[in-house]
*Asks:* 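The structure is given below, and queries will be raised subsequently.
The shown structure was predicted, so the numbers you read here are calculated from the model rather than taken from an experiment. For the single chain, residues carry numbers from 1 onward in sequence order.
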Amino acid sequence: IPAIDAFQLQLTPFNSTPNVVAIKTDITSAEQVQNAIRAVVDRFGGIDVLINNASTHWPTKVIDTDLRRFDKMTNVNVKGSFIVTNSCLPFLNESPNPRVLFVAPAPIADAAWLKPHTVYSASKIAMGFLSSALAKECGDAEKPAAYKGVSSNTLWPRYAVATAAIQARPAHWSPYDRVRVENADP
């Protein structure tokens with residue numbers, strides 16, 4: 001939580017900007033998510049786009065992953081994305097051009113990517129499946145009224161951003177060797 005508080009402080013100047021709001025939220029808590037969404041809707045009048053980008057990651061194989069880390073990765077990456085998406089759908093339904101974007105790989109297993117961080121990979125691929133399933137639901141001719149034009153897609157960036165998590169990766173861990181790492185600092 002201290003890291004979240006520090007991040008919140010960094011965003012404080014944005015909260016005075018009319019087009020940005022920062023809300024400290026545990027996305028694994030439906031109540032906190034619904035409160036955050038209500039605050040966004042109250043401030044902006046609705047939701048047009050949802051980007052499921054929250055994630056947690058430990059670069060470990062199955063044998064090296066304890067149950068606490070497994071739960072954390074699957075709860076944040078999969079359950080959290082589900083809670084946020086499910087909670088936003090009624091408001092997206094009111095938008096003239098609603099979009100949901102998951103930052104996740106397409107549901108295709110690439111052994112070179114899976115091997116160094118199996119549980120994380122599984123949770124991110126589950127996010128990709130959630131996006132694909134939502135796209136099918138939304139595109140179904142028999143779709144419920146709650147899906148008026150909602151579009152769901154995934155985005156898996158080609159380049160890794162040089163975040164603290166990327167910089168701290170173990171030397172033997174190399175899923176980013178095949179991509180250029182872009183430094184986030186100007």
*Asks:* Should K61 and D64 count as side-chain neighbours, where that means a heavy-atom distance under 4.5 Å?
*Replies:* yes

*Asks:* I'd like to know if the side chain of S55 pairs up with that of N77 as donor and acceptor (distance under 3.5 Å, no hydrogens or angles considered).
*Replies:*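 Judged by distance alone, the side chains do pair up.
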
*Asks:* Hydrophobic clustering (ILVMFWY, side-chain heavy atoms < 4.5 Å, transitive) - are V84 and V41 grouped together?
*Replies:* yes

*Asks:* So, do F70 and S123 sit near enough that their side-chain heavy atoms are less than 4.5 Å apart?
*Replies:* no

*Asks:* Flag the pair N93 / P98 as yes when at least one side-chain heavy-atom distance between them is below 4.5 Å, and no otherwise.
*Replies:*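 Sidechains of P98 and N93: no contact.
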
*Asks:* Please determine whether side chain to side chain donor-acceptor pair (under 3.5 Å) holds for the pair T65 and T60, giving the CA-CA distance in whole Å, both sets of side-chain angles, and the decisive distance to 0.1 Å.
*Replies:* CA-CA 6 Å; T65 305; T60 56; 2.6 Å; yes

*Asks:* State plainly whether one hydrophobic cluster holds both V78 and F102, where clusters connect Ile, Leu, Val, Met, Phe, Trp and Tyr through side-chain heavy atoms under 4.5 angstrom apart.
*Replies:* no

*Asks:* Hey, are the side chains of L134 and V100 touching, using non-hydrogen atoms and a 4.5 Å cut-off?
*Replies:* yes

*Asks:* Any idea which heavy atoms bring T85 and N52 closest together, and the distance?
*Replies:* OG1-ND2, 2.9 Å

*Asks:* Got M127 and F82 here, is their nearest side-chain heavy-atom distance under 4.5 Å?
*Replies:* no

*Asks:* State, yes or no, whether a side-chain contact exists between V103 and I51 at a heavy-atom distance under 4.5 Å.
*Replies:*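 The answer is yes; the side chains approach within 4.5 Å.
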
*Asks:* Looking only at non-hydrogen atoms, find the nearest pair between I37 and S87 and report the distance.
*Replies:* CD1-CB, 3.4 Å

*Asks:* Is it true that N153 and S131 share a donor-acceptor pair across their side chains at a distance under 3.5 Å?
*Replies:* no

*Asks:* Is the side chain of T25 donor-acceptor paired with the backbone N or O of I23 at a distance under 3.5 Å, no angle test?
*Replies:*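 Indeed, once roles are kept as given, a pair shorter than 3.5 Å links the two residues.
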
*Asks:* Does a side-chain heavy-atom distance below 4.5 Å link P96 with D48?
*Replies:* yes

*Asks:* Between I27 and A54, which heavy-atom pair has the shortest distance, and what is it?
*Replies:* CD1-CB, 3.5 Å

*Asks:* Just how far is it from atom NZ of K124 to atom NE2 of H57, taken to the nearest 0.5 Å?
*Replies:*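 So the NZ of K124 and the NE2 of H57 are separated by 9.5 Å.
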
*Asks:* Counting C-beta onward and ignoring hydrogens, is there a side-chain heavy-atom pair between T74 and K79 closer than 4.5 Å?
*Replies:*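 Contact flag for T74/K79 side chains = no.
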
*Asks:* Output every pair passing salt bridge (charged side-chain N to carboxylate O under 4.0 Å, His left out) with a member in residues 32-41, not counting sequence neighbours, ordered by first then second residue.
*Replies:*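 Those involving residues 32-41 are R38-D42.
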
*Asks:* Can you hop from F44 to L89 via hydrophobic side chains spaced under 4.5 Å?
*Replies:*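 Yes.
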
*Asks:* Can you establish whether the number of heavy atoms outside L155 located under 6.0 Å from its atom CG is more than 12?
*Replies:* yes

